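Computed from a predicted structure; not experimentally measured.
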Amino acid sequence: MSALTLYQLVALMLLAIGLYGIVQRRTLVGMLISVELMLNGAGLSIVAAAQLTEANAMLGQLGTLLVMGLAAAEATLVLAIIVVVSRRFGTTELSALSTLKE
């Protein structure tokens with residue numbers, strides 16, 4: 001089995017764990033961690049494909065830096081939303097937040 005296949009399998013496993021976490025988690029913080037796992041899997045896949053094939057390695061690294069930047073921006077935005085929701089409703093549990101309030 002080649003190194004590229006192993007890296008792609010690890011990236012796929014990170015994606016699957018993140019997807020499972022989004023479906024099973026009940027809190028917003030747990031969902032955020034799951035999304036971060038999925039983005040890390042995408043970054044690993046991009047950089048592994050760029051380094052281990054004939055593709056330009058610099059473009060793969062730039063693509064991974066773009067994914068990391070998007071993940072950081074998404075994390076700060078979602079954490080700000082979580083702080084506002086927890087102050088307003090007193091919880092971050094999805095079951096408590098699913099009902100609309102006036």
Side-chain angles (χ1 to χ4, degrees):
M1 191 176 287
S2 70
L4 179 61
T5 306
L6 290 175
Y7 280 115
Q8 296 295 340
L9 286 175
V10 171
L12 184 65
M13 196 178 336
L14 284 173
L15 180 75
I17 291 170
L19 189 61
Y20 177 76
I22 286 179
V23 172
Q24 292 298 318
R25 294 291 177 187
R26 299 292 179 226
T27 63
L28 296 175
V29 177
M31 291 179 145
L32 173 65
I33 292 170
S34 299
V35 169
E36 293 296 325
L37 272 175
M38 293 172 67
L39 289 172
N40 285 333
L44 176 66
S45 177
I46 292 170
V47 77
Q51 292 291 329
L52 298 174
T53 61
E54 292 81 26
N56 190 355
M58 185 181 294
L59 288 177
Q61 291 173 2
L62 286 174
T64 302
L65 283 175
L66 176 70
V67 169
M68 289 171 59
L70 288 173
E74 173 258 341
T76 56
L77 183 66
V78 170
L79 284 174
I81 291 171
I82 289 172
V83 167
V84 169
V85 165
S86 68
R87 284 186 182 171
R88 180 166 181 167
F89 297 109
T91 184
T92 59
E93 295 280 331
L94 282 182
S95 59
L97 298 175
S98 64
T99 58
L100 293 176
K101 295 184 179 183
E102 295 179 9

| task | Report yes or no: do Val78 and Val85 belong to one cluster of Ile/Leu/Val/Met/Phe/Trp/Tyr joined by side chain heavy-atom distances under 4.5 Å? | result | yes
Path from Leu79 to Phe89 over hydrophobic side-chain contacts below 4.5 Å: yes
Side chain to side chain donor-acceptor pair (under 3.5 Å) pairs touching residues 57-81, sequence neighbours excluded, are none
Here the side chain to side chain donor-acceptor pair (under 3.5 Å) pairs for residues 37-58, sequence neighbours left out, are Gln8-Ser45
Partners of [X] by side chain to side chain contact (heavy atoms under 4.5 Å, CB included), sequence neighbours excluded?
X: Ile17; answer: Met13, Leu37
X: Ser86; answer: Thr92
X: Ala71; answer: Glu36, Leu39
X: Leu9; answer: Met1, Thr5

Heavy-atom closest pair (Ala50 atom, Gly60 atom, distance to 0.1 Å) is CB-CA, 3.4 Å
Using a 4.5 Å side-chain heavy-atom cut-off and chaining through intermediate ILVMFWY residues, the residues clustered with Leu70 come out as Leu66
For Tyr20, the other hydrophobic cluster members (4.5 Å side-chain criterion, sorted by chain and number) are none
Side chains of residues 21-34: which donor-acceptor partners sit under 3.5 Å, not counting sequence neighbours?
from  : atom 1 : to    : atom 2 : distance (Å)
Thr27 : OG1    : Gly30 : N      : 3.3
Ser34 : OG     : Gly30 : O      : 3.0

To the nearest 0.5 Å, atom CG of Leu19 lies from atom CG of Leu14 at 12.5 Å
Distance col, row Ile82:CD1 vs Leu77:CG, nearest 0.5 angstrom, shows 10.0 Å
